[in-house]
Amino acid sequence: MIVTTKKLFELAYGRYAIGAYNINNLEQAMGLFRGNLDSQAPFIIQISKGARTYTDKRMLEAIIRAADQVFPQAIFAVHLDHGDVEACMDCIQSGFYSSVMIDASDKPFEENIRITRQIVDAAHKKGIVVEAELGQLGGVEEHVSVDEKNAHLTDPKQAKEFVEKSGCDSLAVAIGTSHGAYKFKGAQALRMDVLAEIQKRLPKFPLVMHGSSSVPKEEVDRINAAGGKLKDTKGVNENEFAKAATLGVTKVNIDTDGRLVWTRVHREFFRDTPEKFDLRDPGKVFMKEYAKFIAHKNEKLGSAGKLPEVQKALAR
Ligand code: G3H
Ligand code: 13P
Ligand code: ZN
C-alpha cells in the first residue's frame, strides 16, 4: 500500500528511522520489496531524476504499481529524490508520488525558502508531502557537485526559520554525510551535536539524512578482487543510525551501497562463470543479495519488525 511519509514519520519519530532506497530497475524493485517484507519493515522508494529518465518514468512507476499488487502486505511511500521545480511539479501532477523532495540547497537561503514554498503550496493541495534541504552535503549529486571542502553543515537557527517560512514537512540536514562512494578520508565524524541542536529547535519535526551509505570495505574488496578498480574509501558507520533516530532522523537515504551490491554480484558472477550469458542468472543472485542487504540495513535503522504496528496504526 502506498502511503505518505507523514504517518510513517509520526510512528517512527525518536524510535527508529525508515530506509529510503533508490531504485532504477525491476531487479532492484523485487529485491527491495522482498527484503522489506523479509524484515517486516515499512520503507520509502526513491526515484531520482536520473532514474526517471534512465528508461521512461512510466516504466518505473508501472513496476512499482505491479509490485504493490504482487506484495499486498508492503507499506511504502513513493518519493521523488532531489527534485528541481520542474520534476516536482511533474510528480505532483502525476498523482502517483506520495512525497517529493525539492532540493534548492545550492541556492541562497531566501531563494531556497521561496522555491520550497512554491512546491509546498502545490503539493499540499494534492495531499502530497514535501522534503526540503538546508545546508550542503559533500560529494556528487545529479545537478550539483559540491567539493568536500565547500560542503557546509546545516545551521540549527536557520533550520527553524526555514521550516517555519517554507512550510516543508521534513528537512534534509547536512551533518557530515556526503553522497556517493567516496565520503570520508581518515576519521569519520557525523555531527551528532549539530543534529541535537536542530532537534532542540525543531522538536518532533522529521529530519532526513542523505548520503548515508556505509561503503563497506568488504564489499569494495570483493569488487576489486573481481576486476573492479574502486579506490579505498569509507562511509557512514551504520551503527550510528540508531543514535541519529533518537535525535529526530526519521528517514535515511541509501543508494550507493545498493549499487555496490549490484556491481559485486555481477563482477563475481561473470568472473566465476564466464561461459554464462543468460542475464537472468546473475539477476536471480542479485535479487536475493539485494533483499538480504535491505533486511540488514533495516535492522540497523530499527525499522525491521515494525510493519505490523504500522499496519495496525493505518487500519485505525
Ligand atoms: O543522491 C543521489 C542519489 O544517489 C541518486 O543518484 O541521481 O545518480 O540516480 P542518481
Ligand atoms: P548515498 O550515495 O550515500 O547512498 O546517498 C544516497 C542519497 O542521499 C540519495 O538521496
Ligand atoms: Zn541525497
Side-chain angles (χ1 to χ4, degrees), residues 5 17-25 28-29 32 43-57 59-60 77-84 86-88 91 97 99-106 130-146 148 151 153-154 168 170-185 188 190 206-217 219-220 230-231 233-238 240-241 244 249-264 290 293-294 296-298 300-301:
T5 47
I18 297 164
Y21 303 103
N22 292 65
I23 67 161
N24 291 274
N25 67 13
Q28 276 183 312
L32 180 66
F43 61 103
I44 297 165
I45 300 181
Q46 306 210 111
I47 307 179
S48 70
K49 282 199 303 160
R52 280 160 57 83
T53 52
Y54 171 51
T55 54
D56 181 300
K57 61 190 179 189
M59 297 298 289
L60 267 187
V78 181
H79 177 78
L80 170 70
D81 190 29
H82 292 288
D84 53 18
E86 193 189 346
C88 283
C91 292
Y97 291 72
S99 71
V100 294
M101 175 193 190
I102 175 69
D103 183 358
S105 61
D106 58 330
V130 178
E131 174 184 322
E133 180 169 331
L134 182 66
Q136 278 189 282
L137 277 68
V140 179
E141 286 171 24
E142 198 169 15
H143 65 290
V144 42
S145 167
V146 189
E148 221 174 308
L153 304 180
T154 305
C168 66
S170 61
L171 186 68
V173 292
I175 55 158
T177 61
S178 70
H179 287 104
Y182 303 107
K183 296 188 192 296
F184 301 106
K185 295 186 195 92
Q188 173 218 335
L190 274 196
L207 303 174
V208 179
M209 221 163 82
H210 281 246
S212 298
S213 280
S214 316
V215 200
K217 180 166 169 30
E219 199 74 299
V220 171
L230 300 185
K231 285 182 264 169
T233 178
K234 213 168 163 191
V236 174
N237 179 348
E238 54 192 16
E240 291 195 283
F241 294 159
V249 169
T250 52
K251 174 174 179 274
V252 170
N253 287 14
I254 297 168
D255 184 10
T256 298
D257 281 352
R259 296 180 184 198
L260 293 177
V261 175
W262 189 95
T263 304
R264 183 250 301 163
Y290 195 60
F293 157 80
I294 295 288
H296 167 79
K297 287 290 179 193
N298 291 340
K300 297 290 177 186
L301 294 164

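One-based numbering, in listed order, for ligands and for the atoms of each. It should be emphasised that the depicted structure is a prediction, and the values quoted were computed from it without experimental measurement.
Atoms of ligand 2 found under 4.0 Å from any heavy atom of His82, numbered from 1 in the order shown, are 10 (O). Listed by atom number, the atoms of ligand 1 under 4.0 Å from His82 heavy atoms are 1 (O), 2 (C). Proximity to Ser48 (heavy-atom distance under 4.0 Å) selects the following atoms of ligand 1: 5 (C), 7 (O), 9 (O), 10 (P). Within ligand 1, the atoms closer than 4.0 Å to a non-hydrogen atom of Asp255 are 3 (C), 4 (O), 5 (C), 6 (O), numbered from 1 in the order shown. Close approach of ligand 2 to Asn22 is summarised as follows: ligand atoms under 4.0 Å from at least one heavy atom of the residue are 9 (C). Atoms of ligand 1 found under 4.0 Å from any heavy atom of His179, numbered from 1 in the order shown, are 1 (O). Atoms of ligand 2 found under 4.0 Å from any heavy atom of Ile254, numbered from 1 in the order shown, are 4 (O). Within ligand 1, the atoms closer than 4.0 Å to a non-hydrogen atom of Asn22 are 3 (C), 5 (C), numbered from 1 in the order shown. Near His210, the atoms of ligand 2 lying under 4.0 angstrom from a non-hydrogen atom of the residue are 8 (O), 10 (O).
The protein heavy-atom contact nearest to atom 3 (O) of ligand 2 is Lys183 NZ, 2.5 Å. For atom 9 (C) of ligand 2, the closest non-hydrogen atom of the protein is Asp81 OD2, 3.2 Å. From the protein, the heavy atom lying nearest to atom 2 (O) of ligand 2 is Thr256 OG1, 2.6 Å. Atom 8 (O) of ligand 2 has as its closest protein heavy atom Gly211 N, 2.8 Å.
In His82, the N, O or S atom that comes nearest to the Zn ion (ligand 3) is NE2. Looking only at its N/O/S atoms, His210 has ND1 as the one nearest to the Zn ion (ligand 3).
Taking all atoms of both residues into account, the shortest heavy-atom contact from Phe241 to Leu301 is CD1-CD2, 3.5 Å. Scanning both residues, Ile18 and Phe43, for their nearest heavy atoms gives CG2-CA, 3.7 Å. In terms of heavy-atom proximity, Cys91 sits nearest to Val100 at CB-CG1, 3.8 Å.
Under 4.0 angstrom from ligand 1, the non-hydrogen atoms of Arg259 all belong to its side chain. With a 4.0 Å cut-off on non-hydrogen atoms, Ser212 touches ligand 2 through its backbone and not its side chain. Under 4.0 angstrom from ligand 1, there are no non-hydrogen atoms of Gln46. Counting heavy atoms closer than 4.0 Å to ligand 1, residue Asp81 contributes side-chain atoms (C-beta onward) but none from N, CA, C or O.
The CG atom of Leu60 sits 5.0 Å away from the CD1 atom of Ile23 when rounded to the nearest 0.5 Å. The NZ atom of Lys57 lies 8.0 Å from the OH atom of Tyr97; values are rounded to the nearest 0.5 Å. Annotation: the span from Ser212 atom OG to Ile175 atom CD1 amounts to 7.5 Å, rounded to 0.5 Å. Here the CD1-OG1 distance, from Ile47 to Thr53, works out to 11.5 Å after rounding to the nearest 0.5 Å.
Using modelled atom types, one finds no donor on one side chain facing an acceptor on the other under 3.5 Å when comparing His82 with Glu131. A donor and an acceptor atom, one from each side chain of Glu238 and His296, are located under 3.5 Å apart. Inspection of the Lys251 and Asn253 side chains reveals an N or O donor paired with an N or O acceptor under 3.5 Å.
Not a single N or O atom of Asn24, backbone or side chain, sits closer than 3.5 Å to an N or O atom of ligand 1.
Put simply, the side chain of Asp257 never gets that close to the backbone of Ser213: no donor and acceptor are under 3.5 Å apart.
Taking the centre and axis of the six-membered ring of Tyr21, the NZ or CZ atom of Lys297 falls outside the cone set by 45° and 6.0 Å.
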